[in-house]
Amino acid sequence: MEKKIILTGDRPTGRLHIGHYVGSLRNRVELQNAGGYDSMFVFIADAQALTDNIENPEKVRQNVIEVALDYLSVGLDPSKVTMFIQSQIPQLTELTFYFMDLVTVARLQRNPTVKAEMLLRGFKNDVDDEPEDNKKGMPVGFFTYPISQAADITAFKATIVPVGEDQKPMLEQTAEIVHKFNSSYGETLVEPKIMLPSRAACLRLPGTDGKAKMSKSLGNCIYLSETAEEMHKKVMSMYTDPLHVNVADPGHIEGNTVFTYLDAFCRDEHFGLYWPDFSSLDELKAAYEKGGIGDVKCKKFLEKILNEELEPIRARRKEFEKDIPAVYEILRKGCEHAREVAEATMVEVRHAMKIDYFNDKELIESQALKYKEL
């Protein structure tokens, strides 16, 4: 039977936020605790982060520990999960180089995730033209990061990749690379399957300002590690319904960030604890749409739910912060194990590609015989 191997990761460009949490982190912890898998790898993609932060490597270096602390604080257990740092696994770089021969420039340009990230970072849209005055040229490493991501996944023969919806095009491209490799060199790599959050609201949590994506660069995030006081200010200033001027006015749910967050975090039991006037989120939504429910009340309700979810995470992080060397030791051991697993895959890859010259006794003997007969 095919092994069940889970792999996922995050770029260390800052602390992780609740968009990461509902989009992937929470699901990872649930998978970890449910068991039923052979291996689970969670990595910090520092090499990928450097593709658009090469002028500020210190930012990436400092944020490696931030992401590691967030991983541990949400409940990832190093005794059940291998946590590692991408740049410390040289086999990933090697596999990326081989994969580059399997993907065209035109295919990378069509990748929706690459297009979106180019726009977000102000890179020019056409790789064939010189940068405009207000645009910067895109590093080749950034342009090819779907290939790097495919190497991350396939080096560990991951069968399941839990990610947010924005990563769907990346998994599709990984599947294409696997198919092309296996068609060219024989069945060697495993095609992964994407695992999206079960709740629709968790597919892509919007920013607090109502913008489509929660992003560090946009300043519209609620971080897992921020204090209750910091979070209070963000929740109270959260985008709601601009037409809901008076409490008596009918409210609109669609596009209302508060209700999107409630969809992602609220459970029926929260009403008994924090708002006994209602028994379910559907009841609250109906009352809000009818009119008579103020936005401030809804925000206070959301704040209580978020604090219930985040307070244990904050507390665990404080404990791990007391012994940073121990956190680095967890990562070091994880890197050692990850290198072993990735190298086992690369032995198969090199053999399939017929570039394992020194292990190919038949090649050496046949060529020795050939030149002996000349």
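If you're wondering where the values come from, they're calculated on a predicted model, not measured in any experiment.
- One finds a salt bridge joining Asp52 and Arg11 here, because a Lys/Arg side-chain nitrogen approaches an Asp/Glu carboxylate oxygen to under 4.0 Å.
- Checked against side chain to side chain donor-acceptor pair (under 3.5 Å), His252 has the following partners two or more places apart in sequence or in another chain: Asp241.
- Annotation: side chain to side chain donor-acceptor pair (under 3.5 Å) contacts of Gln48 (sequence neighbours excluded): none.
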Check step by step if side-chain contact (heavy atoms from CB on, under 4.5 Å) holds for Ile293 and Cys298. CA-CA 8 Å; Ile293 303 293; Cys298 295; 3.7 Å; yes
What's the verdict on salt bridge (charged side-chain N to carboxylate O under 4.0 Å, His left out) for Glu303 and Lys299, showing C-alpha distance, side-chain angles and the deciding distance? CA-CA 6 Å; Glu303 182 182 10; Lys299 289 178 178 181; over 6 Å; no
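- The side-chain contact (heavy atoms from CB on, under 4.5 Å) test applied to Phe271 returns Cys266, Trp275, Phe278, Leu281, Leu284, Phe301, not counting sequence neighbours.
- Not counting sequence neighbours, the partners of Glu176 by the side-chain contact (heavy atoms from CB on, under 4.5 Å) test are Arg107.
- Cys335 approaches Ile85 most closely through the heavy-atom pair SG-N, 3.4 Å.
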Passes side-chain contact (heavy atoms from CB on, under 4.5 Å), Met238 versus Lys234? Steps please. CA-CA 6 Å; Met238 193 175 284; Lys234 294 180 180 180; 6.0 Å; no
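- A donor-acceptor pair is defined here as one N or O able to donate and one able to accept, closer than 3.5 Å; such a pair exists between the side chain of Glu283 and the backbone of Ser279.
- Lys211 and Asn220 form no side-chain donor-acceptor contact under 3.5 Å, judged by distance and modelled atom types alone.
- Shown here for Ile147 and Thr96, the closest heavy-atom pair between the two residues is CG2-O, 3.7 Å.
- In this structure Glu329 satisfies the side-chain contact (heavy atoms from CB on, under 4.5 Å) test together with Arg332, Lys333, sequence neighbours excluded.
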Under the criterion salt bridge (charged side-chain N to carboxylate O under 4.0 Å, His left out), I'd like the reasoning laid out for Asp10 against Arg28: C-alpha separation, chi angles, the key distance, then a yes or no. CA-CA 12 Å; Asp10 300 278; Arg28 296 175 200 176; 2.9 Å; yes
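- When the side chain to side chain donor-acceptor pair (under 3.5 Å) test is applied to Gln88, no partner is found at least two apart in sequence or on another chain.
- You'll find the ring centres of Phe84 and Phe156 inside the 6.0 Å limit.
- Salt bridge Arg350/Glu94: present, at least one basic N to carboxylate O contact under 4.0 Å.
- Scored by the side chain to side chain donor-acceptor pair (under 3.5 Å) test, Glu254 finds no partners at all (sequence neighbours excluded).
- Counting all heavy atoms, side chain and backbone alike, Gly294 lies closest to Val247 at N-CG1, 3.9 Å.
- One finds no salt bridge joining Arg314 and Glu309 here, because no Lys/Arg side-chain nitrogen approaches an Asp/Glu carboxylate oxygen to under 4.0 Å.
- The shortest non-hydrogen separation linking Ser225 to Arg15 is OG-CD, 3.0 Å.
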Tell me, with the steps shown, if Glu66 and Gln62 meet side chain to side chain donor-acceptor pair (under 3.5 Å). CA-CA 7 Å; Glu66 294 287 352; Gln62 292 295 331; over 6 Å; no
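- Remark: Tyr185 pairs with Phe181 by the ring pair (Phe, Tyr, Trp, His ring centres under 6.0 Å) rule, at least two apart or across chains.
- Separating the OG1 atom in Thr82 from the CG atom in Leu76 is a distance of 11.5 Å, to the nearest 0.5 Å.
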Might you work through the side chain to side chain donor-acceptor pair (under 3.5 Å) test for Asn111 and Gln173, ending with a clear yes or no? CA-CA 8 Å; Asn111 188 306; Gln173 187 139 29; 2.7 Å; yes
Return all side-chain donor-acceptor pairs below 3.5 angstrom for residues 34-46, not counting sequence neighbours, or 'none' if the list is empty.
| unit_1 | atom_1 | unit_2 | atom_2 | d |
| --- | --- | --- | --- | --- |
| Tyr37 | OH | Lys80 | O | 3.2 |
| Asp38 | OD2 | Lys4 | N | 2.7 |
| Asp46 | OD1 | Gln86 | N | 3.4 |
| Asp46 | OD1 | Ser87 | N | 2.9 |
| Asp46 | OD1 | Ser87 | OG | 3.4 |
| Asp46 | OD2 | Ser87 | OG | 2.5 |

Donor-acceptor pairs under 3.5 angstrom involving side-chain atoms of residues 358-365: please list them, not counting sequence neighbours.
| unit_1 | atom_1 | unit_2 | atom_2 | d |
| --- | --- | --- | --- | --- |
| Asp360 | OD1 | Glu362 | N | 3.4 |
| Asp360 | OD1 | Leu363 | N | 3.0 |

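- Under the salt bridge (Lys or Arg N to Asp or Glu O under 4.0 Å) criterion, Lys354 pairs with no residue at all, not counting sequence neighbours.
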Apply the test side-chain contact (heavy atoms from CB on, under 4.5 Å) to residues Thr154 and Ile177: give CA-CA distance (whole Å), side-chain angles for both, the deciding distance (0.1 Å), then the verdict. CA-CA 10 Å; Thr154 55; Ile177 291 172; over 6 Å; no
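- Within the structure, ring pair (Phe, Tyr, Trp, His ring centres under 6.0 Å) pairs that include any residue of residues 88-112 do not occur (at least two apart or interchain).
- Counting heavy atoms from C-beta outward, Val258 and Asp295 have side chains that stay 4.5 Å or more apart.
- With rounding to the nearest 0.5 angstrom, the OG1 atom of Thr159 is 9.0 Å from the CE atom of Met195.
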Asp282 vs Ser280, side chain to side chain donor-acceptor pair (under 3.5 Å): CA-CA, chis, key distance, verdict: CA-CA 5 Å; Asp282 287 339; Ser280 70; 5.1 Å; no
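- Under 4.0 Å is where a charged nitrogen must lie from a carboxylate oxygen, and between Arg267 and Glu308 at least one such pair does.
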Test side-chain contact (heavy atoms from CB on, under 4.5 Å) on Gln167 and Gln149; report intermediate values, then the result. CA-CA 10 Å; Gln167 292 299 304; Gln149 194 170 64; 3.1 Å; yes
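- In Glu55, the CD atom is not crowded: 12 or fewer heavy atoms of neighbouring residues, nucleotides or ligands sit closer than 6.0 Å.
- Classification of Asp70 and Arg316 as a salt-bridged pair fails, no side-chain N sitting under 4.0 Å from a carboxylate O.
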Candidate pair Tyr288 and His244, rule ring pair (Phe, Tyr, Trp, His ring centres under 6.0 Å), full reasoning: CA-CA 10 Å; Tyr288 183 82; His244 192 231; 4.7 Å; yes
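- When all heavy atoms of Pro12 and Asn63 are compared, the pair lying nearest together is O-CB, 3.1 Å.
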